[in-house]
Amino acid sequence: MADTTTAQPAQSTPAPDKPSFRYFRPPTSAHQPSSDLPDRYFDVTAADLRAQQASLAAKRDALQNAPLRTAAMREAEDKKRRARWPHTTIRIRFADRSVLERTFPSTDKIKSVYAFVRGSLREDVKPIKFVLYQSPPKREYKVSDPKVRDLSLAELDLAPLSLLLIKFEDDSFNHTDVPAPLDASVLALAEDFPAPPKFDADTKQDDKDDKGASTSRSRLHFDFGGKNKEDSGERKYPKWFKVGQK
């Protein structure tokens, strides 16, 4: 008699949950650029100056022409901003330059960040007080401060991404040669920082002028008469400086 019992499919083992955080090891010399950027990388071009001037003019016009905002208008703008960035990524940098990262709902308070950091510390370090802050300019985000604890991450202007520094009450953990006092389960998931892009010194970038024509990058020099002059191979000096060279 044939066995009519159907074979049961083997149940696959569910994949382990992906950690809700990331921990980056301190950057090493291997992750730093192998050579300094060439001087021309920092040259200011006419296009750079035009863009900066246009940005400043737009900000000035926006401030001068902005209507008076009511409380309802400000609240509507806040809702629009929260809808744009529903999540906020917070990175905590320790004294050894390692970074602990996690993404929170933008509606969370700063106490959620403190709870996450404290839960990631070693058991012997968890009782030690610490403060999260930004610098420069230095701004501390203390849970005891009512101007901080009652605001969401979005209202604290931490969305969509912010880097916070950590300072322990016990100063022995604030030295650069002291590893971050994190739990072994966190350290086990450590990863390297992504390698920075390499700058190709031979690559030449062209800028667009006001009429849309392509013009090559050129160094700008400012003479003592206040006029901008493009470098044509000959430096311009004031007369008194030329006389002094004789």
Partner set under side chain to side chain contact (heavy atoms under 4.5 Å, CB included) for Arg22, not counting sequence neighbours: Phe24, Glu101, Glu191

Pairing residues for Glu123 by the side chain to side chain donor-acceptor pair (under 3.5 Å) criterion, not counting sequence neighbours: Lys126

Residues forming a side chain to side chain contact (heavy atoms under 4.5 Å, CB included) with Pro105, sequence neighbours excluded: Thr107, Asp108

Heavy-atom pair with the smallest gap, counting every atom of Ala159 and Ala154: CB-CA, 4.2 Å

Hphob cluster co-occupancy, Phe104 + Leu151, side-chain heavy atoms under 4.5 angstrom: yes

Side chain Gln52, main chain Leu49, donor-acceptor under 3.5 Å: no

Spacing of CG belonging to Leu153 relative to CG belonging to Leu156, to within rounding of 0.5 Å: 6.5 Å

Pairwise side-chain contact, Leu121 with Val186, heavy-atom cut-off 4.5 Å (strictly under): no

Chi angles and distances behind the side chain to side chain contact (heavy atoms under 4.5 Å, CB included) call for Arg93, Ser98: CA-CA 6 Å; Arg93 177 182 291 172; Ser98 63; over 6 Å; no

Residues clustered with Leu165, ILVMFWY side-chain links under 4.5 angstrom: Tyr133

Taking every non-hydrogen atom, the tightest pair across Leu132 and Tyr114: N-OH, 2.9 Å

Pairwise side-chain contact, Phe173 with Phe130, heavy-atom cut-off 4.5 Å (strictly under): no

Pro160 side chain near Thr88 side chain, heavy-atom distance below 4.5 Å: no

Side chain proximity check, Pro181 to Phe168, heavy atoms < 4.5 angstrom: yes

Test side chain to side chain contact (heavy atoms under 4.5 Å, CB included) applied to Ile166 and Val131, step by step: CA-CA 6 Å; Ile166 184 171; Val131 63; over 6 Å; no

Neighbour count >12 (heavy atoms, 6.0 Å) for atom NZ, Lys109: yes

Nearest non-hydrogen partners of Ile110 and Val148, listed with the distance: CG2-CG1, 3.8 Å

salt_bridge(Asp124, Arg122) N-O dist < 4.0 Å: yes

Side chain to side chain, His87 and Thr103, heavy atoms closer than 4.5 Å: yes

Close side-chain approach of Leu189 to Phe21, heavy-atom, < 4.5 Å: yes

Listed partners of Pro136 passing side chain to side chain contact (heavy atoms under 4.5 Å, CB included), at least two apart: none

From Arg84 atom CZ to Ser106 atom OG, the distance as rounded to the nearest 0.5 Å: 12.0 Å

Separation between OG of Ser20 and CZ of Arg102, rounded to the nearest 0.5 Å: 4.0 Å

Nearest non-hydrogen partners of Pro127 and Arg118, listed with the distance: C-NH1, 4.2 Å

Pairwise side-chain contact, Leu182 with Phe94, heavy-atom cut-off 4.5 Å (strictly under): yes

Listed partners of Gln134 passing side chain to side chain contact (heavy atoms under 4.5 Å, CB included), at least two apart: Tyr141, Leu158, Ser162, Leu164

N/O donor-acceptor pair under 3.5 Å between Asp145 side chain and Lys142 backbone: no

Positive for side chain to side chain contact (heavy atoms under 4.5 Å, CB included) with Arg25, one of Asp96, Leu187, Asp192: Asp192

Note, Val99 side chain near Ile92 side chain (heavy atom, < 4.5 Å): no

